[in-house]
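Step one of this worksheet: look at the structure below.
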Amino acid sequence: MRNEEYPEGDRDLEALEREITVFYRRARASSGEMARAVHPELEPSAYGLLVRLEEAGPERATDLAAYFGVGKATMSRQLRALEQLGLVSREQDPADGRAFLVRLTDEGRSRFTRVRDARRARYRGRLSAWPRQDVTELARLLEALNAINAPEDRCGDA
């Protein structure tokens, strides 16, 4: 496979941009629905934090902010809201007593897992007609796209 330059007006690149835009808007709407299913007062943007904490385990707020490409103040606000809802807790970092680790509470894990499992069941149903290799390839390509999507490439109105 070789790298190619994409000239201005390239139809394939324009189609890709259009489909990513649709996918992004639908994903944002879906995150809102999933967030409300976890807790009626949960902000849609905070749902991704629950995903990360479930996958990675306890993390420092600064590491979470870096992972999502947001500022410390934004992360602190979101974590405070999650803590007030009883979905996450903070505990001293055993490696550094001055720092804190954020983790899912039992209630947070239970609520998140219920919603995630329902979402996965919907994916299984919707993608059941696809060949497994297509699903695998889509996951691989999305991972590659996410890897090159640096914070400076993000567009708030996409």
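These values consider heavy atoms only, across backbone and side chains, with no hydrogens, waters or symmetry-generated copies.
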Return the [atom1] to [atom2] distance between [X] and [Y], rounded to the nearest 0.5 Å.
{"X": "Arg122", "Y": "Asp117", "atom1": "CZ", "atom2": "CG", "value": "11.0 Å"}
{"X": "Gln133", "Y": "Thr136", "atom1": "CD", "atom2": "OG1", "value": "7.5 Å"}
{"X": "Gln78", "Y": "Leu50", "atom1": "CD", "atom2": "CG", "value": "10.0 Å"}
{"X": "Glu59", "Y": "Leu101", "atom1": "CD", "atom2": "CG", "value": "9.0 Å"}
{"X": "Thr105", "Y": "Arg109", "atom1": "OG1", "atom2": "CZ", "value": "8.5 Å"}
{"X": "Glu137", "Y": "Arg132", "atom1": "CD", "atom2": "CZ", "value": "14.5 Å"}

Would you say [X]'s side chain and [Y]'s backbone share a donor-acceptor pair under 3.5 angstrom?
{"X": "Arg116", "Y": "Glu54", "answer": "no"}
{"X": "Ser76", "Y": "Lys72", "answer": "yes"}
{"X": "Thr113", "Y": "Ser110", "answer": "no"}

Which residues pass the side chain to side chain donor-acceptor pair (under 3.5 Å) test with [X], sequence neighbours left out?
{"X": "Arg80", "value": "none"}
{"X": "Asp93", "value": "Arg60"}
{"X": "Arg36", "value": "none"}
{"X": "Gln92", "value": "none"}

Between Arg111 and Glu107, is there a side-chain N and carboxylate O pair less than 4.0 Å apart?
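Judged by the 4.0 Å cut-off on N to carboxylate O distance, Arg111 and Glu107 do form a salt bridge.
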
Pairing of Glu33 and Arg28 as salt bridge, 4.0 angstrom limit: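 Between Arg28 and Glu33 there is no salt bridge, as every charged N stays at least 4.0 Å from the carboxylate O atoms.
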
| Flag side-chain contact, heavy atom, 4.5 Å: Val70 against Leu64 |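 Heavy-atom side-chain distance check fails, nothing below 4.5 Å.
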
Below 4.5 Å, heavy atoms only, C-beta onward: do Thr21 and Arg25 meet side chain to side chain? yes

All heavy atoms of Val102 vs all of Ala61, minimum pair found to be CG2-N, 4.5 Å

> Closest heavy-atom contact between Gly71 and Ala65?
Replying inline: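 Closest pair (atom of Gly71, atom of Ala65, distance): O-CB, 4.1 Å.
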
Donor-acceptor contacts under 3.5 Å from residues 81-90 side chains, at least two apart:
| from | atom 1 | to | atom 2 | distance (Å) |
| --- | --- | --- | --- | --- |
| Glu83 | OE1 | Arg90 | NE | 2.9 |

Item to complete: Give the other cluster members for Tyr123, using side-chain heavy-atom distances under 4.5 Å between Ile, Leu, Val, Met, Phe, Trp and Tyr residues; answer none if it is isolated.
Response: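 None; Tyr123 is a cluster of one.
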
For Trp130, the hydrophobic cluster (side chain heavy atoms closer than 4.5 Å, chained through members) also holds Leu127, Val135, Leu138, Leu142

query = Among Asp63, Leu49, Thr74, which residue meets the side-chain contact (heavy atoms from CB on, under 4.5 Å) test with Phe68?
reply =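 Result for side-chain contact (heavy atoms from CB on, under 4.5 Å) with Phe68: Leu49.
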
Could you list the residues that satisfy salt bridge (Lys or Arg N to Asp or Glu O under 4.0 Å) with [X], not counting sequence neighbours?
{"X": "Glu55", "result": "none"}
{"X": "Arg98", "result": "Asp96"}
{"X": "Arg103", "result": "Glu91"}

Residues 71-116 vs ring pair (Phe, Tyr, Trp, His ring centres under 6.0 Å), sequence neighbours excluded, gives Tyr47-Phe112

Under the ring pair (Phe, Tyr, Trp, His ring centres under 6.0 Å) rule, what pairs show up with a residue in residues 70-91, not counting sequence neighbours?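 Qualifying pairs: none.
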
Query raised in the report: Does Glu14 CD have over 12 foreign heavy atoms under 6.0 Å away?
Result: yes

